[in-house]
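One structure is given below, encoded as structure tokens.
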Amino acid sequence: MTTIEGLQAALHIAPFHRWLGLDLVSASPSGIVIAMPWRDELVSNPAIGAAHGGVLASLIDLGGLYAVLAAGGLAQATADLRVDYHRPALAGRILARSRVVKMGKRLSVADTVVESEAGDLLASGRGAYLGA
């Protein structure tokens with residue numbers, strides 16, 4: 001497993017990830033938790049103040065990829081991503097909880113749930129990640 005500090009540093013290499021303000025809350029071979037603070041720039045539906053679904057999809061994608069890395073696997077690119085939206089993401093910190101389903105040499109799979117800080121399920125999904 002890579003250290004949480006190393007994973008956090010890798011997460012912050014991409015400008016988009018830094019803009020989102022992502023923070024790696026925990027990381028172990030059994031899974032990771034990524035937190036994202038609320039930003040008004042995330043809103044795509046001003047009538048209800050809901051975040052854009054693409055941001056939630058990004059959390060699912062990144063959560064799965066970093067779960068594979070935390071478990072000692074290789075993940076260089078996303079091969080496939082499945083996202084289900086369950087309820088609007090409204091103002092407040094958002095958490096992505098991810099775990100590896102299958103670790104492979106060429107393809108690994110991880111599941112992620114995205115929740116409000118209160119524990120409301122916002123979205124869920126599965127990603128497949130290309131290794132070496």
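L95 and L65 are not part of a single hydrophobic cluster, where members link through side-chain heavy atoms under 4.5 Å apart. Clustering ILVMFWY residues whenever any of their side-chain heavy atoms sit less than 4.5 angstrom apart, transitively, puts W38 in the very cluster that holds Y85. Residue L107 is not grouped with residue V100 when hydrophobic side chains (ILVMFWY) are merged at heavy-atom distances under 4.5 angstrom, including chains of intermediate members. One hydrophobic cluster, built from ILVMFWY side chains closer than 4.5 Å, holds both I94 and L24. Both I4 and M36 belong to a common hydrophobic cluster when Ile, Leu, Val, Met, Phe, Trp and Tyr are linked at side-chain heavy-atom distances under 4.5 angstrom.
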Go through the steps to decide whether L11 and L7 satisfy the test side chain to side chain contact (heavy atoms under 4.5 Å, CB included), and finish with yes or no.
CA-CA 6 Å; L11 184 63; L7 290 169; over 6 Å; no
Decide yes or no on side chain to side chain contact (heavy atoms under 4.5 Å, CB included) for R99 and S30, but give the supporting numbers first.
CA-CA 6 Å; R99 66 177 184 82; S30 62; over 6 Å; no
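In this structure a side-chain-to-backbone donor-acceptor pair under 3.5 Å is present from Y66 to A10.
Taking E41 as the reference, W19, R39 meet the side chain to side chain contact (heavy atoms under 4.5 Å, CB included) condition, with sequence neighbours excluded. Applying the side chain to side chain contact (heavy atoms under 4.5 Å, CB included) test to H12 and every residue at least two apart in sequence or in another chain returns Q8, R18. T112 pairs by the side chain to side chain contact (heavy atoms under 4.5 Å, CB included) definition with I60, A96, S98, V114, not counting sequence neighbours.
Between the NZ atom in K102 and the OG atom in S108 there is a gap of 6.0 Å [rounded to 0.5 Å]. Between the CZ atom of R93 and the CD atom of E115 there is a distance of 11.5 Å, given to the nearest 0.5 Å.
Taking all atoms of both residues into account, the shortest heavy-atom contact from A70 to I32 is CB-CG2, 3.6 Å. Of all heavy-atom pairs spanning V33 and R97, the tightest one is CG2-NH1, 3.7 Å. Looking at every heavy atom in both residues, P88 comes nearest to L122 through O-CD2, 3.5 Å. Residue M103 comes nearest to A71 through the heavy atom pair CE-CB, 3.3 Å, listed as atom of the first residue, atom of the second, then distance. Considering every non-hydrogen atom in both A110 and V68, the closest pair reads CB-CG2, 4.4 Å. Closest non-hydrogen pair, A75 versus Y129, comes out as CB-CB, 3.9 Å.
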List, one per line, each side-chain donor-acceptor pair under 3.5 Å for residues 42-59, sequence neighbours excluded.
| residue | atom | partner | partner atom | Å |
| --- | --- | --- | --- | --- |
| N45 | OD1 | A47 | N | 3.1 |
| H52 | ND1 | G54 | N | 2.7 |
| S58 | OG | G54 | O | 2.9 |

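Within the structure, salt bridge (Lys or Arg N to Asp or Glu O under 4.0 Å) contacts touching residues 119-132 (residues at least two apart or in different chains) are D111-R126. Sorted by first and then second residue, the pairs that involve residues 71-83 and meet salt bridge (Lys or Arg N to Asp or Glu O under 4.0 Å), not counting sequence neighbours, are R82-D84.
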